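This report refers to the structure that appears directly beneath it.
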Number of protein chains: 2
Amino acid sequence: MTNINDIAKMAGVSVSTVSRVLNNYKYIAKDKRESVLKVIQEMNYTPNKNAIDLVRGETRTIGVILPYNNNPAFDQLLNGILNKALENDFSITVLPSNYSKEKEVEYLQKLKSKLYDGIIIASRANDWETIIPYSDYGSIVSCEYTNHKEIGCSYMDRYSSYLDAFRFLKNKGHQVVAFTTARLESNSTKQMIGAYNEIFGELQPEYHITGCSCLEDGYEVAGQFLLLPERPTAIYANGDEVAGGIYLYAKSQQLKIPTDLAIIGQENQPIGVGMGISTVDHQLMKVGEQACSLAIKKSREKVKIPYHIVERDSV
Amino acid sequence: MTNINDIAKMAGVSVSTVSRVLNNYKYIAKDKRESVLKVIQEMNYTPNKNAIDLVRGETRTIGVILPYNNNPAFDQLLNGILNKALENDFSITVLPSNYSKEKEVEYLQKLKSKLYDGIIIASRANDWETIIPYSDYGSIVSCEYTNHKEIGCSYMDRYSSYLDAFRFLKNKGHQVVAFTTARLESNSTKQMIGAYNEIFGELQPEYHITGCSCLEDGYEVAGQFLLLPERPTAIYANGDEVAGGIYLYAKSQQLKIPTDLAIIGQENQPIGVGMGISTVDHQLMKVGEQACSLAIKKSREKVKIPYHIVERDSV
DNA sequence: CTAATTTATGAAATGCATTTCAAGTCAAGA
DNA sequence: TCTTGACTTGAAATGCATTTCATAAATTAG
């Protein structure tokens, strides 16, 4: 492979001059610039990006720690991140964690080893104490709120949104409400339960089913909820796919929606549009975009992304 | 930042020895190894990955050119790629192209600049003549078949699968069949039309609607198809989401499935399971896994991934 | 007790481009 | 004419770790 030295020799100039041509430096004699350009062309030369990154100390690459990628919510997030990265000429490396603490630390080490300029944490398994020390080596942005000053956040106020959603159902006259979540141990599940308790009083465990993520889960879960002695009149699903499953099951049982059963989903996914499912839109794409902006700017701001309830025909 | 020189000085050894410790070289005196390790620990030292990549000439990173990422098919592909990369300790950088020729070339340039060891092309806008020269600089793997020997392929035999699917519909007694596609100019659309013509004779343009990708598209498109003077009795949708939309529209019109209208989807997506939609499973996750394996092995093999029709209740 | 290995370590070369420092030319302003 | 600022260029330092080459000591084999 030809390198900058070869080019310099062949063009009869110093490497500095070649580098200047490469970087569009202002003050270069026209003839030298041209002869350098000619040699570059002839030799089909491309600068080695690793050398550049090494000397510049930055890679214009951001790593995104993502528990799963075949998940509509994380997908929206990633989408927003990719949009913003593209806009700013940054690259995105996907770091699948599957919520493994070891993997997460491994990825943070890569930040330390200068492979990424920053890391966006979509969701995490480690506690902040483990993560924070790495903020010395690049920007770390979380998609979940934390008040640690070392960490930038692009987040939505889940607790408020859950309160609002439950209040919305209550105002529509629902007394017996059930809900689904994805992971029992997750932060959002905790907030969900907290919000539920605040609006409807102490949660009876049978009105909460966890481990839901897709349409089929919703379909199955709906069956369970509807078999309850005192069956819920409304269900808050953790995603419109799940909501769609509930919807389909309810329909299959000749239930009328929203009269017999109200359903509200989350994240305003395509499936909900066609089915007319009301949803809590947390604007995850915007959360992703903002997270990426913060990472690029190396900002440690805390930016709250507004959510809103999209009313359709299922509540 | 401390570097390997600092460590060497502090431990009273040469950089070679430090490097050997770092790389678990066999022949090092126990005491020296320990003192090096101690200094590394004390200084909280992590080697600079850019320097390593530069000197080793490889990054263990693969770029994936992906037109869109919020697309179920590409998502499955990416998922397979990520799985295999994780398994082999490779990183994946997502390169969103939006089918822009310039972007694609820009990404291929990054291969040349040694940023990636290989590139996987999920789908492309450029012709092969533009792409092939870059295969000198790393492995290029396509998720679409090509007989160019420079390019590795992990692909499914779309034409055969389309033939099979249409034959399947014909054998069920369907004479008037419609279908949807995503992009008019895409390769798969061309193959689809070819297969249609082969099974059902010259395609009447009104039986083909393009630009479909989600449930709503399906919903809308179903309306159009069903208004046709001679309405189709079966529809092949380019994805189960689209099929789901068609299904829902048909149901809303009190049509019985599969009696009044048969629907077959594609890619065996979650939504189809719950709705009982038959589908042509191209095993895109496997295609992705295989593509990643080829890229890692720098192999230019052509690997065909088998498809199969999953019969459920919609045909 | 040699000859041949194995063990152990450092100096220097290598991979590659950027950037600072120093220095030179030339033209314009005082 | 002298100074100053705009241009122009190259040598050398810098960023950092790996690897080859050379060498020396300690074993093992014959």
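Being a predicted model, the structure only gives us computed values, none of them experimental. In what follows, every heavy atom counts, from backbone to side chain, and hydrogens, waters and symmetry copies are set aside. Chain letters run A, B, ... following the sequence lines, proteins first, then strands; residues in each count from 1.
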What nucleic acid atoms does A:Asn50 come within less than 4.0 Å of, heavy atoms only: base, sugar-phosphate, or nothing?
nothing
Side-chain donor or acceptor of [X] paired with backbone N/O of [Y] under 3.5 Å:
{"X": "B:Glu104", "Y": "B:Asn126", "value": "yes"}
{"X": "A:Lys84", "Y": "A:Leu294", "value": "no"}
{"X": "B:Lys103", "Y": "B:Pro67", "value": "no"}

Separation of [N] [atom2] from [X] [atom1] (nearest whole Å):
{"X": "A:Lys9", "N": "C:dC16", "atom1": "NZ", "atom2": "P", "value": "12 Å"}
{"X": "A:Arg56", "N": "D:dC16", "atom1": "CZ", "atom2": "P", "value": "16 Å"}
{"X": "B:Asn24", "N": "D:dT18", "atom1": "CG", "atom2": "C1'", "value": "15 Å"}
{"X": "B:Asn23", "N": "D:dC16", "atom1": "CG", "atom2": "P", "value": "17 Å"}
{"X": "A:Asn3", "N": "C:dC16", "atom1": "CG", "atom2": "C1'", "value": "6 Å"}
{"X": "B:Ile4", "N": "C:dG15", "atom1": "CD1", "atom2": "C1'", "value": "15 Å"}
{"X": "A:Ile52", "N": "D:dC16", "atom1": "CD1", "atom2": "P", "value": "17 Å"}
{"X": "B:Leu115", "N": "C:dA17", "atom1": "CG", "atom2": "P", "value": "13 Å"}

Sequence-aligned protein contact record of nucleotides 3-13 of chain D, with B where the base is within under 4.0 Å of a protein heavy atom and S where only the sugar-phosphate is:
----SBBBBB-
Compile the donor-acceptor pairs under 3.5 Å between side chains in residues 30-43 of chain A and protein atoms, sequence neighbours left out, one pair per line.
| residue | atom | partner | partner atom | Å |
| --- | --- | --- | --- | --- |
| A:Arg33 | NH2 | A:Tyr25 | O | 2.7 |
| A:Ser35 | OG | A:Lys32 | O | 3.1 |

Pairing donors with acceptors under 3.5 angstrom, does anything connect the side chains of A:Asn70 and B:Gln76?
no
If you apply the rule side-chain contact (heavy atoms from CB on, under 4.5 Å), what do you find for B:Thr146 with B:Cys153, and how did you get there?
CA-CA 7 Å; B:Thr146 166; B:Cys153 305; 3.6 Å; yes
